[in-house]
Amino acid sequence: MNMIHSAFVLLLVVLLTGCPPAPQDTVIGNPAPVSSAEPDSRVRDGGAYVRAQRGPKNIILMIGDGMGVTQISAGMYSSDKQLNLERFPVIGLHKSYSADNLITDSAAGATAFSAGVKTYNGAIGVDMDTMPVTTILEMAESAGMPTGLVATSSIVHATPASFYAHVKLRKEYEEIAADLMETDIDIFIGGGAKYFERREMDTRNLSDEMRSRGSEVASFVDTKLKDIKVKKAKRIAYYTADSEPLPYSQGRDYLVDATEIAMNFLDQRDSLDKGFFLMVEGSQIDWGGHSNNSDYIISEVLEFDRAIGAALNFAQQDGETLVIVTADHETGGYAINTGSVRGQIEGAFTSDYHTADLIPVFAYGPGAEQFSGIFENTAIFDKMKLLYGFARR
């Protein structure tokens, strides 16, 4: 009886972590279907990977957190020119539900993308049994490929964290920051400096530790993003905020520059010509949905779309880069109501939490055809792994 009670308490804590709780009637009674990838790719056991075949040389995965079809539509109708999202030749849909709930959260959603497993809401890089799972970023590092993360949230927030960390609960920010030290990430740009430099769980200064390993570490306090010495740097860590960055409407405008810097730096770092992996998140589209703020959503979508344009331009020029754009879930049950006109959206909301809408997936470049149709969110990992040709050494 005590075990049952403990399990219930753990589940309740998970559902309350990070975002408002999902409606109770959305819980799925049976475990979610597992992905089709081979089981041994799911266990984080330090196994080495190689690229056994060549699909796209590079993959840039772009996640508009909380960005459903209506968020895209609102951005489209608010822009005086065509969105970059309209340049994609291949579009699919993914099923976003997590292992324990029809309504996923960003942690479970990003873990599905990063490691190909359905897991519980609140889980960062772990499965339903809280066991660590190997991520696409870790596979790329193991294969000798440079990797990077860019976000308009803190770098320890759920989506970026799920590509490198393995913790039971998404709010364990200091534990997540410590997990980043166990990786070989070549560049990260995002907020959260305090979780690295003024920690409560220990006396470590993780920024100093990164500097001792040869990384260029800077922040918005002392260095402009464009002033980072990219060509001379071994690795780059750049903090855009002490905690969470401001909304775009309040002055934050680094996502396009950060995406371009990360792509060019990783391309430069690819001395073995194995390709790179980069994840870019437009984090605050989700926050606009939670706030039921249509203008917040639109400004974040439009900034994210400009970053998408930068990635597409790189991919078109490079010819060997696959760009994938999707979202972990929709947020807010957002609708465009009667009375809306171009440039002035009358938005309405059914929730201040996430919904279970099907989520669009856009793809451009070598292997893009793999992303048409309707599939599980875990299939995004499976398809990336297949296209990279990762195999155990």
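When a residue number appears, it is its place in the shown sequence, counting from 1. Small disclaimer: the values here were computed from a predicted structure and weren't measured.
- Connectivity analysis of hydrophobic side chains (ILVMFWY, heavy atoms under 4.5 Å, direct or indirect) links Leu93 to Leu358, Ile374.
- The ring pair (Phe, Tyr, Trp, His ring centres under 6.0 Å) search around Phe349 returns Tyr334, not counting sequence neighbours.
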Check residues 251-258 and write down every donor-acceptor pair under 3.5 Å in which the side-chain atom is one partner and the other belongs to a residue at least two apart or another chain.
residue : atom : partner : partner atom : Å
Arg252  : NH1  : Leu246  : O            : 2.9
Arg252  : NH1  : Glu300  : OE1          : 3.4
Arg252  : NH1  : Glu300  : OE2          : 3.3
Arg252  : NH2  : Glu300  : OE1          : 2.8
Arg252  : NH2  : Glu303  : OE1          : 2.2
Tyr254  : OH   : Ala151  : O            : 2.6
Tyr254  : OH   : Thr240  : OG1          : 3.1

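- Within the structure, no pair that satisfies the salt bridge (charged side-chain N to carboxylate O under 4.0 Å, His left out) test touches residues 150-167, not counting sequence neighbours.
- Residues passing the side chain to side chain donor-acceptor pair (under 3.5 Å) test with Tyr248, sequence neighbours excluded: Arg306.
- For residues 316-339, no residue pair satisfies the salt bridge (charged side-chain N to carboxylate O under 4.0 Å, His left out) rule, not counting sequence neighbours.
- When the side chain to side chain donor-acceptor pair (under 3.5 Å) test is applied to Thr259, no partner is found at least two apart in sequence or on another chain.
- For the side chain to side chain donor-acceptor pair (under 3.5 Å) test, no residue two or more places apart in sequence or in another chain qualifies with Glu369.
- Tyr296 belongs to a hydrophobic cluster whose remaining members, ordered by chain and number, are Trp287; membership requires side-chain heavy atoms of ILVMFWY residues under 4.5 Å apart, directly or through intermediates.
- In summary, the aromatic rings of His157 and Tyr195 are positioned with their centroids too far apart to meet the 6.0 Å limit.
- Considering Ser98, Ser106, Ser96 as possible partners of His329, the one that fulfils the side-chain hydrogen bond (donor to acceptor under 3.5 Å, both in side chains) test is Ser106.
- With sequence neighbours excluded, no residue forms a ring pair (Phe, Tyr, Trp, His ring centres under 6.0 Å) with Phe371.
- The ring pair (Phe, Tyr, Trp, His ring centres under 6.0 Å) test applied to Phe362 returns Phe88, not counting sequence neighbours.
- Phe196 and Tyr239 have tilted rings, their planes meeting at an angle from 30° to 60° on a 0 to 90° scale.
- Legend: residues meeting side chain to side chain donor-acceptor pair (under 3.5 Å) with Asp273, ordered by chain and number and at least two apart, are Lys57.
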